[in-house]
Amino acid sequence: MVILVTGGTGYIGSHTVVELIKNNYDVVIIDNLSNSSKDVVNKIEKITGSKCKFYEADIRDENALDKIFKENKIDAVIHFAGYKAVGESVKKPLDYYDNNVVGTIKLLETMKKYNCKKMVFSSSATVYGNPKVHKFDETIERGKAVNPYGATKIVIEEMLENLYVSDDTFEISILRYFNPVGAHESGIIGENPNGVPNNLMPYIQKVAKGELPELSIFGSDYNTKDGTGVRDYIHVVDLAKGHIKALEKLDNKKVYTYNLGTGKGYSVLDLVKTFEKVNNIKIKYKFVDRRPGDLDCYYADTSKAEKELGWKAEKGIEEMCKDSWNFAKNM
Ligand code: NAD
Ligand code: UD1
């Protein structure tokens with residue numbers, strides 16, 4: 001089977017390409033390298049010992065998509081390509097709608113044209129908005145977006161459901177990620193954002209490397225065990241494996257939606273302390289005000305993915321911290 005992976009040189013995409021190759025899929029990547037580098041293709045080859053086809057192109061470029069679908073008999077698409085920085089999305093909402101929503105429309109139009117009807121889509125726990133409970137299960141309705149990035153995920157989820165209603169030969173799985181961290185055990189691929197990171201683990205990595213002086217912990221007065229925010233951190237390799245399961249499970253009975261998390265909540269301090277312990281490094285931190293828009297505590301109910309996909313995250317927080325550092329220290 002030939003799988004087109006959009007955004008395949010990015011953080012989650014590259015780890016998923018490795019798992020696809022390990023599972024004997026043929027992979028074609030399209031990425032415009034707006035947030036990754038071409039070198040990742042060689043790194044994937046180094047890990048897997050196999051080649052994958054790479055197109056440097058934008059998913060909004062219909063001619064490029066046409067060329068890819070003409071040159072390859074694509075059976076299914078795993079769609080990661082998009083922008084993901086929450087703060088930037090507030091400043092540049094039109095760029096986010098254009099890249100994420102318009103990009104997905106162009107991709108789906110081309111898929112239709114070439115009768116490729118299978119898609120696994122990268123969504124986010126952010127689509128739940130701010131429900132009254134901490135444990136999010138898939139029966140909770142999509143909430144109100146708290147930022148333009150979240151809005152694009154909500155729009156795309158709805159669009160995919162509308163598309164299926166109009167054409168029930170589509171086979172679609174929507175995966176809602178919680179907080180992906182960690183890196184491939186080889187230390188060859190991982191997350192390396194440009195500039196000052198917004199997310200916790202990349203920030204800790206930079207402090208550990210001495211590139212940033214200290215971590216600011218946003219809020220110490222949340223109603224959690226130690227006052228800091230609680231999230232469901234999931235190892236990116238576990239997450240990548242979830243995509244293979246979702247791909248295998250695709251059928252046209254309905255649009256499937258799954259949470260991908262571990263089901264466990266850890267606080268910011270849990271993550272910092274574990275990182276320090278397993279890597280034997282001190283992370284300097286200070287407490288500052290809450291970050292606007294942050295929720296106090298949430299984690300995934302993973303029972304649906306477990307039951308229907310036969311998938312369960314296996315790696316714990318210690319491995320996440322160890323692998324993150326194993327990658328970052330060599331960067
Ligand atoms: P990433 O930025 O590392 O990867 C995205 C890749 O897509 C990059 O390589 C980028 O160059 C590429 N890209 C962006 N726009 C493109 C376009 N128009 N055409 C072609 N390529 C394009 O991000 P990631 O963390 O790997 O996230 C992948 C997907 O998962 C995104 O859709 C993101 O919204 C979603 N997601 C990520 C997280 C997270 O915390 N990392 C959480 C929930 C959902
Ligand atoms: C992020 C995304 C969200 C997405 C979710 C899961 C942001 C702002 N939000 O959520 O859209 O749904 O991943 O995919 O990117 N923290 C600090 N100091 C820091 C950075 C973070 O204390 O320098 C804290 C935060 O307050 C939070 C936790 O660490 O409690 C995790 O934050 P982060 O990694 O940014 O992810 P989320 O905000 O959970």
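Start at 1 with the first residue, then count along the sequence.
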Is the side chain of Asn23 donor-acceptor paired with the backbone N or O of Glu19 at a distance under 3.5 Å, no angle test?
yes
Neighbour count above 12 (heavy atom, 6.0 Å) for Lys264 NZ
no
Heavy atoms of other groups near Lys249 NZ, more than 12 under 6.0 Å
yes
Pairing donors with acceptors under 3.5 angstrom, does anything connect the side chains of Thr228 and Tyr222?
no
Can you establish whether the number of heavy atoms outside Asn280 located under 6.0 Å from its atom CG is more than 12?
no
Is the ring centre of Phe136 less than 6.0 Å from the ring centre of Tyr298?
yes
Flag the pair Tyr203 / Val196 as yes when at least one side-chain heavy-atom distance between them is below 4.5 Å, and no otherwise.
yes
Say whether, by atom type as modelled, one donor and one acceptor occur between the side chain of Asn199 and the main chain of Pro202 under 3.5 angstrom.
no
Could you tell me the separation between the OH atom of Tyr11 and the CD1 atom of Ile189, rounded to the nearest 0.5 Å?
9.5 Å
Shared hydrophobic cluster for Phe218 and Phe275 (ILVMFWY, side-chain gaps under 4.5 Å)
no
Examine distances only and state if a side-chain atom of Thr110 and a backbone atom of Lys106 form a donor-acceptor pair shorter than 3.5 Å.
yes
Between the side chains of Lys53 and Asn72, does any donor sit under 3.5 Å from an acceptor?
yes
Is the shortest heavy-atom distance from the side chain of Leu20 to the side chain of Leu247 under 4.5 Å?
yes
Should Lys312 and Thr302 count as side-chain neighbours, where that means a heavy-atom distance under 4.5 Å?
no
Establish, from distance only, whether the side-chain atoms of Thr169 and Asp167 form a donor-acceptor pair under 3.5 Å.
yes
Verify, without hydrogens or angle tests, whether Ser14 (side chain) and Gly8 (backbone) share a donor-acceptor contact under 3.5 angstrom.
no
Kindly say whether the aromatic ring centers of His243 and Phe80 come within a distance under 6.0 Å.
yes
Is there a donor-acceptor pair under 3.5 Å between the side chain of Tyr96 and the backbone N or O of Ala85?
yes
Tyr164 (side chain) donor-acceptor with Asn252 (main chain) under 3.5 angstrom
yes
More than 12 heavy atoms of other residues, nucleotides or ligands under 6.0 Å from CD of Glu318: yes or no?
no
Can Glu214 and Lys286 be said to form a side chain to side chain contact (heavy atoms under 4.5 Å, CB included), step by step?
CA-CA 7 Å; Glu214 65 184 338; Lys286 64 175 178 202; 3.4 Å; yes
Counting only N and O atoms by type, is there a donor-acceptor contact under 3.5 Å from the side chain of Lys329 to the main-chain atoms of Ala208?
no
Validation row: Glu276, Ile281 side chains within 4.5 angstrom (heavy atoms)
no
Can you confirm whether more than 12 heavy atoms, excluding those of Asp289, are under 6.0 Å from its CG atom?
no
Would Arg231 and Tyr266 count as a cation-pi pair here, with the cationic atom under 6.0 angstrom from the ring centre and within 45° of the axis?
no
Please evaluate residues Lys304 and Glu138 with respect to the criterion salt bridge (Lys or Arg N to Asp or Glu O under 4.0 Å), reporting the C-alpha separation (whole Å), side-chain torsions for both, the decisive distance (0.1 Å), and the verdict.
CA-CA 8 Å; Lys304 189 177 174 201; Glu138 297 87 343; 5.3 Å; no
Can you confirm whether Phe178 sits close enough to Leu260 that some side-chain heavy atom of one is under 4.5 Å from a side-chain heavy atom of the other?
no
Check against side chain to side chain donor-acceptor pair (under 3.5 Å), Ser124 and Lys153
CA-CA 7 Å; Ser124 164; Lys153 293 295 179 192; over 6 Å; no
With no hydrogens and no angle check, is any side-chain donor or acceptor of Lys51 less than 3.5 Å from a backbone partner on Glu45?
no
Could you tell me whether Glu109 and Lys113 have a side-chain N and a carboxylate O separated by less than 4.0 Å?
no
same_hphob_cluster(Ile188, Ile44) at 4.5 Å side-chain heavy-atom cutoff
yes
Side-chain donor or acceptor of His134 paired with backbone N/O of Cys297 under 3.5 Å
yes
Regarding Tyr258 and Glu308, do their side chains bring together a donor and an acceptor under 3.5 Å, going by distance alone?
yes
For Lys135, is there an ion pair with Asp137 - N to carboxylate O distance below 4.0 angstrom?
no
To the nearest 0.5 Å, tell me how far Ser34 OG sits from Tyr83 OH.
5.0 Å
What do you reckon, are the aromatic ring centroids of His79 and Phe121 less than 6.0 Å apart?
yes
Tell me whether Ser89 contacts the main-chain N or O of Pro93 through its side chain, where contact means a donor paired with an acceptor under 3.5 Å.
no
Carboxylate-amine/guanidinium contact Glu56 Lys67, below 4.0 Å:
no
Answer with yes or no whether the side chains of Tyr55 and Asp31 bring together a donor and an acceptor at under 3.5 Å.
no
Inspect the contact between Arg290 and Asp296 and indicate whether a charged nitrogen and a carboxylate oxygen are less than 4.0 angstrom apart.
no
What do the steps show when you test Arg176 against Glu157 for salt bridge (Lys or Arg N to Asp or Glu O under 4.0 Å), and what is the final call?
CA-CA 10 Å; Arg176 294 176 176 161; Glu157 284 200 2; 2.6 Å; yes
Do the non-hydrogen side-chain atoms of Glu319 and Glu314 ever get within less than 4.5 Å of each other?
no
Are the side chains of Asp251 and Tyr256 in contact, using a 4.5 Å heavy-atom criterion?
yes
